[in-house]
Amino acid sequence: MGPIVLLGVPGAGKGTQAKRLAQRYRIPHLSTGDIFREMAHSGSELGARLWTDMRQGNLVPDELVCAVVAERLAKDDCRHGYILDGFPRTVPQAEWLARFLAQPPSQGPLIVIYLTVGYNDLYRRLLGRRSCPKCGRIYNEFTQPPRQAGLCDLDQTPLVQRKDDEAAVIRERLSAYEQQTLPLVEFFRGRGRLLELSGAEPVDRVSERIFAALEANRLAAAADDPPREAEAGQS
Ligand code: AP5
């Protein structure tokens, strides 16, 4: 399995599906949002600067993002594939990734899963999101509540709400997405790497569709046919 990118608007379900993919394919899940939240809470000066950007719904500067991703991808566990959740998010980040993947050793074809969800659903998803600070499992008060209110099903840790999941910040995040991330759809489509799937169905159904699309893609590549939408090879 080559690198997989999960692309989509805030609340599309990237983190939810990335965790399932990581479990299924036993490859690491790299969430730049999670990495920056951890750095932001570290108490460092850099962390404080990051938090200012994130708290306002702005993107973190490209140079810093690419440096953090490069450091993480250099680790041994990324040798046999990985899932990028929330990266790339700008055209310069995508260009950096293309250059990175073009270097040896070959990492297999990049596949971009683009999850689409109507804007009407997003506020409900983001305002209702709760997550477990211990195991990272994601819940939703409306659509995916825990069995016991406010507690993680797996380890009974009290769930928390992200500080950027408030209406005013969500508006800014959606605006940053439209201006800086949406152009990546055409960027990857133009390079034959995009698998566009609806993220609006129930979580299990979305997972099934992603697994099926990846399997179809893998079989097509194995048969040495051009895969349906995402094409083998690096740009
Ligand atoms: P990040 O953490 O990446 O946030 P995001 O992209 O805004 O995405 P979210 O995590 O909000 O949504 P998601 O698509 O993962 O949805 P989820 O699965 O949680 O980034 C945060 C910040 O970090 C950015 O604003 C920026 O400042 C900075 N940053 C990060 N990466 C960066 C980069 N590359 N460059 C620059 N800055 C960067 O699901 C959401 C909710 O919906 C959950 O409650 C879930 O239970 C529910 N849900 C999911 N799927 C379904 C479904 N199918 N049906 C019903 N409910 C569902």
Side-chain angles (χ1 to χ4, degrees), residues 5-22 29-41 47 49-70 72-73 83-97 113-118 120-132 136-146 152-153 159-166 169-182 184 197-210:
V5 165
L6 281 165
L7 181 67
V9 70
K14 303 182 294 295
T16 301
Q17 298 300 335
K19 288 183 203 313
R20 291 172 170 224
L21 281 165
H29 164 205
L30 278 63
S31 157
T32 41
D34 285 348
I35 294 172
F36 293 139
R37 273 185 288 281
E38 202 173 302
M39 289 171 74
H41 293 134
R49 284 213 304 275
L50 284 176
W51 186 234
T52 306
D53 280 334
M54 295 170 78
R55 189 72 182 86
Q56 293 172 351
N58 299 327
L59 295 187
V60 170
D62 288 333
E63 205 176 306
L64 174 61
V65 177
C66 295
V68 164
V69 172
R72 181 63 186 87
L73 293 184
I83 297 154
L84 292 169
D85 160 14
F87 177 89
R89 230 172 169 105
T90 64
V91 170
Q93 289 179 21
E95 289 169 343
W96 177 90
L97 181 64
I113 296 169
Y114 172 41
L115 292 177
T116 58
V117 177
N120 286 346
D121 291 333
L122 295 175
Y123 275 87
R124 194 169 134 91
R125 285 193 181 189
L126 293 171
L127 292 170
R129 172 166 51 193
R130 302 290 182 272
S131 51
C132 174
R137 185 161 182 175
I138 302 168
Y139 298 86
N140 191 284
E141 287 213 325
F142 310 113
T143 59
Q144 281 191 290
C152 179
D153 291 348
L159 302 178
V160 295
Q161 183 170 22
R162 263 170 53 175
K163 297 246 179 339
D164 58 351
D165 277 348
E166 56 182 63
V169 188
I170 292 172
R171 267 197 300 281
E172 294 306 318
R173 287 163 61 201
L174 294 179
S175 160
Y177 173 80
E178 278 174 8
Q179 289 170 32
Q180 292 164 275
T181 309
L182 204 50
L184 291 185
L197 295 169
S198 168
E201 296 183 65
V203 173
D204 288 345
R205 186 74 191 117
V206 177
S207 305
E208 281 165 18
R209 285 187 188 273
I210 293 176

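On a predicted model such as this, the values are computed, not experimentally measured, just so you know. One-based numbering, in listed order, for ligands and for the atoms of each.
Atom 15 (O) of ligand 1 has its closest protein heavy atom at G15 N, 2.8 Å. Among protein heavy atoms, atom 26 (C) of ligand 1 sits closest to N58 O, 3.6 Å. Of the protein's non-hydrogen atoms, T32 OG1, 2.7 Å is the one closest to atom 31 (N) of ligand 1. When only non-hydrogen protein atoms are considered, atom 8 (O) of ligand 1 lies nearest to K14 NZ, 3.2 Å. Nearest protein heavy-atom neighbour of atom 23 (O) of ligand 1: M54 CE, 3.4 Å. Looking only at protein heavy atoms, the nearest one to atom 3 (O) of ligand 1 is R89 NH1, 3.2 Å. The single protein non-hydrogen atom nearest to atom 54 (N) of ligand 1 is R125 NH2, 3.2 Å, given as residue, atom name and distance. Residue, atom and distance of the protein heavy atom nearest to atom 34 (N) of ligand 1 are G86 O, 2.8 Å.
Heavy-atom proximity to V203, at under 4.0 Å, picks out these atoms of ligand 1: 50 (N), 51 (C), 52 (C), 53 (N).
When Q93, E201, Q144 are checked for heavy-atom proximity to atom 53 (N) of ligand 1, E201 turns out nearest. Across R173, Q180, E172, heavy-atom proximity to atom 25 (O) of ligand 1 is greatest for R173.
Here the side chain of Q17 pairs a donor or acceptor atom with the backbone of V203 at under 3.5 angstrom. Between the side chain of Y114 and the main chain of L184, no donor-acceptor pair closer than 3.5 Å is present. Put simply, the side chain of K14 gets close to the backbone of G8: a donor and an acceptor are under 3.5 Å apart. With hydrogens and angles disregarded, a donor-acceptor distance shorter than 3.5 Å links the side chain of T181 to the backbone of R89. Proximity of a side-chain donor or acceptor of N140 to a complementary backbone N or O of R125 within less than 3.5 Å is detected.
The distance criterion of under 3.5 Å between nitrogen or oxygen atoms is not met by D165 with respect to ligand 1. Between A12 and ligand 1, an N or O atom pair is found at a separation short of 3.5 Å. The shortest N/O to N/O separation between G11 and ligand 1 falls below 3.5 Å. By the 3.5 Å distance cut-off applied to N or O atoms, G13 is counted among the residues near ligand 1.
With a 4.0 Å heavy-atom cut-off, ligand 1 is reached by the backbone of R129 and by its side chain too. The proximity of N140 to ligand 1, defined as any non-hydrogen pair under 4.0 Å, involves the side chain as well as the backbone. If you look at R130 next to ligand 1, there are no close heavy atoms at all, none under 4.0 Å. The residue D34 has no part lying near ligand 1, judged by heavy-atom distances below 4.0 Å. If you look at R205 next to ligand 1, there are no close heavy atoms at all, none under 4.0 Å. With a 4.0 Å heavy-atom cut-off, ligand 1 is reached by the backbone of T16 and by its side chain too. If you look at Y139 next to ligand 1, the close heavy atoms, those under 4.0 Å, all belong to the backbone.
For the pair G8 and ligand 1, no heavy-atom separation below 4.0 Å is found. Distances from ligand 1 to the non-hydrogen atoms of R162 include at least one value under 4.0 Å.
Here R129 does not pair with D164 in a salt bridge; the nearest charged N to carboxylate O distance is not below 4.0 Å. A salt bridge does not link R55 to E172: none of the charged nitrogens lies less than 4.0 Å from a carboxylate oxygen.
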message: With side chain to side chain contact (heavy atoms under 4.5 Å, CB included) as the criterion, how do L159 and C152 come out once you've worked through the C-alpha distance, each side chain's angles and the decisive distance to 0.1 Å?
response: CA-CA 6 Å; L159 302 178; C152 179; 3.8 Å; yes
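When the options P88, C66, P92 are evaluated for a side chain to side chain contact (heavy atoms under 4.5 Å, CB included) with L97, the one that passes is P88.
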